[in-house]
Amino acid sequence: MRYEYVTGNIAVAEASMTAGLKFYAGYPITPSSDIFEYLARELPKRGGHVVQFEDEIASINAAIGASWTCAKSMTATSGPGFSLMLEALSLAVITETPLVVVYVMRTGPSTGVPTRSGQYDVLQATYGFHGGLVIPVLAPSTPQEAYDLTIRAFNVSEELRTPAILLSDAVVAHTYGKVAIRERGEVEVVDRAKPSVPPESYRPYDPLDGIAPPMACFGEGYNVLVESLTHDEKGYYAPRTDAQRRLMWRLYRKVVESAERLFDYSAAYLDDCEFALVSYGPTALSARVAAKLLREEGYRACLVKLRTLFPLYEKGVRELLRGVGKVFVVENNVGLYFRELRGVLRDKEVISVPLIDLDVPPPQEIAGVVKEWL
Amino acid sequence: MAVGHPLDPYLRTDRLPTMWCPGCGLGVVLGTLLRAIDRRIREGRLRRENVAFVGGIGCSARMTLYPLFDSAHVIHGRAIPFALGVKIVKPKMKMIVVGGDGDIAAIGGNHILHALRRNADLLVVMANNMIYGMTGGQLAPTTPRGLYTTTTPYGNPEREINMVRLAAALGANYVARGSTTHPQLLEQLFYKALAKRGLAFVEVLSTCPEIFGRHIDFRSPVDLYLELRKRIVVKAKPSVEESDYNWEKGFVIGEFVDKDEPGYIEVYLDYLSKALEKQPS
């Protein structure tokens with residue numbers, strides 16, 4: 001392990017290599033491009049591949065293809081590029097292709113303010129692709145968290161055989177911080193399960209007793225079937241309600257039922273908390289200061305920072321906030337993740353604190369809005 | 001005991017019959033392609049476990065459902081980047097992209113453009129029935145001018161794309177056009193294409209009696225087959241300038257480009273070796 005003073009984007013790139021990244025495909029877009037550039041220099045030295053494709057669509061599809069050689073694959077982008085990737089993300093979901101997509105959010109909609117920050121795409125990250133399922137979304141607020149959560153995104157993706165999103169933003173991307181960078185062997189790294197049966201008896205979409213099917217890859221003699229159509233365990237097209245039900249519920253459950261294991265948060269001042277500020281990403285750093293300001297004025301405020309946004313461990317969130325009266329959801333958008341929490345905390349007063357700011361909403365402004373509701 | 005077909009060892013026979021309509025040309029495309037693969041495997045030029053099929057969406061892309069090889073049936077237009085992702089990590093793979101004219105020339109246009117520019121080591125087979133068959137007969141960029149489709153019910157006003165010219169202009173190592181009406185020649189084109197480094201592009205004119213034929217009064221498979229055959233002009237070594245793609249003047253088939261320049265993978269691996277030798281600039 002060594003400490004380095006790096007940006008969130010460089011932390012992501014370093015973490016991806018520790019996690020075992022072998023193939024990166026990308027298309028330049030602010031504020032994600034320096035992940036690409038750093039890997040272009042460093043990954044080939046470690047036996048990996050970095051290729052610039054003609055657009056984001058090609059990039060994610062190439063990453064999916066590479067993942068079917070059992071190479072750990074990643075791409076990074078921002079809102080406009082992620083929008084182009086959504087169809088392929090849906091392909092990765094139904095074909096159960098491990099893949100990490102780093103989503104570095106910027107100000108939108110459309111071209112917006114490309115170099116500045118926001119959290120407008122928090123719901124798109126998991127709900128954007130067609131097919132109505134959920135994929136893991138992990139949200140860092142510091143370079144160190146960007147590092148740690150990138151490794152976790154790879155591990156989750158490999159274990160569950162699902163695409164996973166690291167949801168960063170322009171602030172985390174380009175903020176410098178001290179980051180503990182670990183080598184292979186110093187951190188848990190998960191690799192996808194491989195089949196233990198010969199090709200003749202292998203069924204590519206049969207999870208057997210595990211959470212996800214063992215994955216045979218191209219060039220191994222398994223006559224692999226990557227199938228975008230609704231398929232049975234053999235990978236054969238199955239246009240039947242029973243097959244659709246079986247596939248949909250399995251794909252849904254493998255992610256949602258992992259929520260407890262994936263639940264990750266930190267909290268401050270929870271012990272005597274009367275009202276909680278819940279936030280994520282860099283806005284949570286500001287919300288933490290806001291909680292401190294409020295406490296200095298005698299309010300019993302606390303802060304909960306969520307690092308796993310999807311799948312949300314609903315029971316865990318409810319227990320965490322059991323003794324709390326009001327819950328304020330602080331985010332840099334029109335109030336989006338608020339809808340998720342309102343649905344989970346139905347017996348509480350959940351109040352949206354949507355503060356649009358090209359950087360991070362200032363603590364004083366957050367504290368001011370919260371006080372209006374007290 | 002049922003008599004087997006010589007190609008059965010290469011097929012997922014439990015998935016037969018195919019989903020293609022009676023009279024569809026795609027059976028000829030797949031049959032000739034598998035025969036060519038069989039010849040290359042018997043020669044020892046190909047290893048079976050290294051052959052993979054990738055297709056996007058459409059009747060032609062469903063050619064990936066039947067061969068007993070590694071196969072991917074992915075999303076519309078994106079078979080080429082998927083295949084290239086595989087090829088970069090595992091260069092020993094022989095990646096065969098199969099798709100229709102809509103999949104390759106329309107929605108996948110940007111990807112074929114850059115695969116050709118790179119001379120990417122792929123065999124791209126574009127089955128061209130001049131129509132969107134699976135969705136019921138809409139305009140394709142390959143639909144000859146003046147013909148009727150469901151989305152140009154007064155006759156197609158647009159110019160057609162000549163993919164042979166595009167492929168040649170962007171520097172593919174091998175560019176050929178065949179027709180399902182001339183299966184022996186088609187098999188020979190595939191056979192040759194399979195041994196090429198760089199990008200091998202084979203366009204195959206094919207018949208879609210159910211959807212294409214229906215709108216232009218050739219409803220019977222035989223009538224449409226004979227009509228297409230009438231319009232095919234076979235040339236031994238046609239130049240790219242001679243690659244006519246024209247319903248009135250005819251469709252020239254044959255081998256238009258046969259070069260042996262380094263493919264993308266060789267160039268890329270050479271680039272990669274620099275990463276191990278020296279510092280980046």
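Chain naming here is simple, since letters A, B, ... match the order of the sequence lines and numbering starts at 1 in each.
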Test side-chain contact (heavy atoms from CB on, under 4.5 Å) applied to B:S71 and A:L225, step by step | CA-CA 5 Å; B:S71 302; A:L225 276 176; 4.0 Å; yes
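Proximity to chain A is limited to the side chain of B:L84, based on heavy atoms less than 4.5 angstrom apart. Proximity to chain A (any heavy atom under 4.5 Å) is restricted, for B:K92, to the side chain, taken from C-beta onward. For A:F23, the part sitting under 4.5 Å from any heavy atom of chain B is the side chain, from C-beta outward, and nothing else. With a threshold of 4.5 angstrom between heavy atoms, A:E42 does not approach chain B through any atom at all. Looking at B:I80, there are no atoms closer than 4.5 Å to chain A (heavy atoms on both sides), in backbone or side chain. Using a 4.5 Å cut-off between heavy atoms, A:A88 touches chain B through backbone and side chain atoms alike. The contact between B:L276 and chain A is made entirely by side chain atoms (from C-beta outward), counting heavy-atom distances below 4.5 Å.
The nearest pair of heavy atoms linking B:P81 to A:A58 is CB-O, 3.5 Å. Considering all non-hydrogen atoms of both residues, A:F218 and B:A72 come closest at CZ-CB, 4.1 Å. Across every non-hydrogen atom of A:V51 and B:I88, the tightest pair is CG2-CD1, 3.8 Å. Considering all non-hydrogen atoms of both residues, A:A66 and B:V89 come closest at CB-CG2, 3.8 Å. Nearest heavy atom pair, residue A:L229 against residue B:H73, reads CD1-CE1, 3.5 Å.
Within residues 95-120 of chain B, the residues that have a heavy atom under 4.5 Å from a heavy atom of chain A are B:M95, B:N110, B:H111, B:H114, B:R118, listed by number. Proximity to chain B among residues 73-83 of chain A is not found for any residue, judged by heavy-atom separations below 4.5 angstrom.
A donor-acceptor pair is defined here as one N or O able to donate and one able to accept, closer than 3.5 Å; no such pair exists between the side chain of A:T69 and the backbone of B:V86. At least one donor-acceptor pair under 3.5 Å links the side chain of B:D70 to the backbone N or O of A:V224.
Residues in residues 29-39 of chain B take part in these side-chain hydrogen bond (donor to acceptor under 3.5 Å, both in side chains) pairs, two or more places apart or across chains: B:Y10-B:D38, B:D38-B:R42, B:R39-B:E187, B:R39-B:Q188.
By number of non-hydrogen pairs under 4.5 angstrom with chain A, the leading residue of B:R15, B:M93, B:E49 is B:R15. Of the listed residues (A:G65, A:A71, A:A63), the greatest number of heavy-atom pairs within a distance under 4.5 Å of chain B belongs to A:G65.
One distance of note links CZ of B:F82 with OG1 of A:T95; it measures 7.5 Å at 0.5 Å rounding. Atoms CG and NE2, on A:L91 and B:H76 in that order, are 14.0 Å from each other to the nearest 0.5 Å. Atom CZ in B:R78 sits 13.0 Å away from atom OG in A:S228 (nearest 0.5 Å). We find the CD1-CD1 distance between B:I75 and A:I94 to be 12.0 Å, quoted to the nearest 0.5 Å. Atom-to-atom distance recorded for A:Y236:OH and B:D14:CG is 3.5 Å, nearest 0.5 angstrom.
Within 6.0 Å of the OH atom in A:Y202, the count of heavy atoms belonging to other residues, nucleotides or ligands exceeds 12. Sparse packing is recorded around CZ of A:R245, with 12 or fewer heavy atoms of other residues, nucleotides or ligands lying under 6.0 Å away.
Taking the side chain as every heavy atom from C-beta outward, B:V74 and A:E227 never approach each other to under 4.5 Å.
Cation-pi contact between B:R62 and A:Y237: present, with separation from the ring centre below 6.0 Å and deviation from the ring axis of at most 45°.
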Donor-acceptor list for residues 193-202 of chain B side chains, cut-off 3.5 Å, not counting sequence neighbours:
{"residue": "B:K196", "atom": "NZ", "partner": "B:D258", "partner atom": "OD1", "Å": "2.6"}
{"residue": "B:K196", "atom": "NZ", "partner": "B:K259", "partner atom": "O", "Å": "2.7"}
{"residue": "B:R197", "atom": "NE", "partner": "B:D260", "partner atom": "OD1", "Å": "2.9"}
{"residue": "B:R197", "atom": "NE", "partner": "B:E261", "partner atom": "O", "Å": "3.4"}
{"residue": "B:R197", "atom": "NH1", "partner": "B:E266", "partner atom": "OE1", "Å": "2.8"}
{"residue": "B:R197", "atom": "NH1", "partner": "B:E266", "partner atom": "OE2", "Å": "3.0"}
{"residue": "B:R197", "atom": "NH2", "partner": "B:D260", "partner atom": "O", "Å": "2.7"}

